[in-house]
Protein chains: 2
Amino acid sequence: MDRDQQTHAHAAVTRPEVRTMLRQSGLRPTRQRMALAEILFAHGNRHISAESLHDEAVTRRVPVSLATIYNTLHQFTEAGLLREVAVDGSKTYFDTNTDDHHHFFVEDDNEVMDIPPGQMGVGRTPEPPDGYEISRIDVVVRLRRIRRD
Amino acid sequence: MDRDQQTHAHAAVTRPEVRTMLRQSGLRPTRQRMALAEILFAHGNRHISAESLHDEAVTRRVPVSLATIYNTLHQFTEAGLLREVAVDGSKTYFDTNTDDHHHFFVEDDNEVMDIPPGQMGVGRTPEPPDGYEISRIDVVVRLRRIRRD
DNA sequence: CTGTGTGCAAACTCTTTGCATAAGT
DNA sequence: ACTTATGCAAAGAGTTTGCACACAG
């Protein structure tokens with residue numbers, strides 16, 4: 001599950017690189033944004049919710065408010081550093097892998113994971129109705145834990 | 001958009017049929033459930049949210065509370081009369097077409113529509129991780145209105 | 001009658017907003 | 001200094017819940 005399922009996703013790890021990344025996106029490298037970017041991009045692909053990112057930040061002694069978490073996630077998404085994942089549930093998830101790919105969604109515990117590229121291809125792209133164009137195709141393969149009762 | 005994109009979905013229309021449908025699902029045919037079922041199943045496939053169903057009921061002079069709308073939608077879903085559609089956004093949508101099919105989602109105005117069957121097939125089904133089995137595959141083709149600026 | 005369903009209002013979760021304070025350049 | 005970000009608390013949207021009353025069988 002930790003194999004290289006990213007193709008050319010963020011490899012930024014070091015602090016200076018994160019700083020540059022933010023600058024290039026037109027975002028001032030503030031304490032919070034730096035810290036959040038490091039959490040997000042330092043360890044390969046991740047799928048996080050506002051709450052989980054906040055928890056993680058608090059654990060790492062990075063003082064940041066939930067409001068700032070939301071601001072930051074949206075700013076990063078607009079800047080193309082993150083991708084919003086539309087799975088089920090009321091929560092919004094963000095994916096640090098912005099490549100074209102699809103997701104598994106574990107229904108039992110609301111977990112999102114990437115589907116390794118190559119494992120899944122959308123067959124025929126449907127014809128969009130008149131006046132519309134396709135913006136994106138999202139595939140969610142919903143999983144259920146196998147239980148041997 | 002109103003062509004026969006349903007395969008064998010609900011064709012129940014008449015009041016007695018709706019009554020039977022509810023009975024068979026183990027639901028007592030109360031005023032509200034009857035009225036809501038008629039709204040839902042009388043006119044081909046529909047994609048509705050709790051709010052839109054409530055609005056429609058109010059318009060038709062069917063007195064029903066939002067709480068009952070939610071109850072009913074969930075009961076119908078459990079009974080297999082409806083299917084919950086996981087598209088984007090905070091709202092939950094329900095589909096009167098319970099067949100295996102996928103959806104267009106118009107980003108501009110949060111509208112859900114069926115993708116005509118045959119127009120889209122999932123290519124290769126991905127291998128679920130160990131200990132998991134696939135419960136369902138949801139494909140959402142997100143649409144954007146074409147604008148000639 | 002008896003039990004299930006319904007309506008109302010309050011509670012809850014997730015997310016957004018307004019405004020004073022703090023931090024970046 | 002001057003501008004943009006942050007934090008807090010309050011507001012908002014969507015959904016759920018608890019309990020008294022109403023209705024179906």
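All of these numbers come straight from a predicted model, not from anything done at the bench. Each chain gets a letter, A, B and so on, in the order its sequence line appears, and its residues count up from 1. Heavy-atom basis, side chains included; hydrogens, waters and symmetry copies ignored.
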Salt bridge (charged side-chain N to carboxylate O under 4.0 Å, His left out) between B:D108 and B:R144, intermediate numbers included = CA-CA 6 Å; B:D108 305 275; B:R144 181 195 310 128; over 6 Å; no
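Separating the NZ atom of B:K91 from the P atom of D:dG14 is a distance of 5 Å, rounded to the nearest angstrom. When rounded to the nearest whole Å, the span between CZ of B:R28 and P of D:dA22 equals 16 Å. Straight-line distance from the NE2 atom of A:H74 to the P atom of D:dT6: 15 Å, rounded to whole Å. A straight line from CG of B:L27 to C1' of C:dT6 spans 14 Å, rounded to a whole angstrom. Taking atom CG of residue A:L53 and atom P of nucleotide C:dT15, one finds them 12 Å apart after rounding to whole Å. Computed from coordinates, the A:R33 CZ to C:dA22 P distance equals 19 Å when rounded to whole Å. For the pair B:L73 CG and C:dT6 P, the interatomic distance rounds to 12 Å; values are reported in whole Å. Here C:dT6 presents its P atom at 11 Å from CZ of B:R31, a figure rounded to the nearest Å.
Summary of the strand contacts: B:P29 and B:S90 both lie near DNA chain D, and taking for each the nucleotide with the nearest heavy atom, the more 5' one is attributed to B:S90.
Under 4.0 angstrom from either OP1 or OP2 of C:dA23 there lies no side-chain N or O belonging to A:Q32. Contact between the side-chain N/O atoms of A:T30 and the OP1/OP2 oxygens of D:dT4 is not found at any separation under 4.0 Å. Phosphate proximity of C:dG5 to B:T68: absent, as no side-chain N or O sits under 4.0 Å from OP1 or OP2.
Taking only side-chain atoms of B:A67, from C-beta outward, the nucleotide of D:dC23, C:dG7, D:dT6 with the closest atom is C:dG7. Checking D:dT15, D:dA24, C:dC8 against the side-chain heavy atoms of B:Y70 singles out D:dT15 as nearest. Distances were taken from every side-chain heavy atom of A:N71 (C-beta onward) to each of D:dG14, C:dA23, D:dT6; the shortest belongs to D:dT6.
By the 30° and 60° cut-offs, the orientation of the rings of B:Y93 relative to B:F105 is perpendicular.
A:R23 comes within 4.0 angstrom of sugar-phosphate atoms only, judged by non-hydrogen atoms across all strands, and of no base. Contact annotation for B:S49: no contact, since no heavy-atom pair falls under 4.0 Å across all strands.
For the residue pair A:N97 and A:D99, the shortest heavy atom distance occurs at OD1-N, 2.9 Å. Smallest separation of non-hydrogen atoms from B:Y132 and A:R145: OH-NH1, 3.4 Å.
In this structure, B:Q119 contributes its side chain and A:E127 its backbone to a donor-acceptor pair below 3.5 Å.
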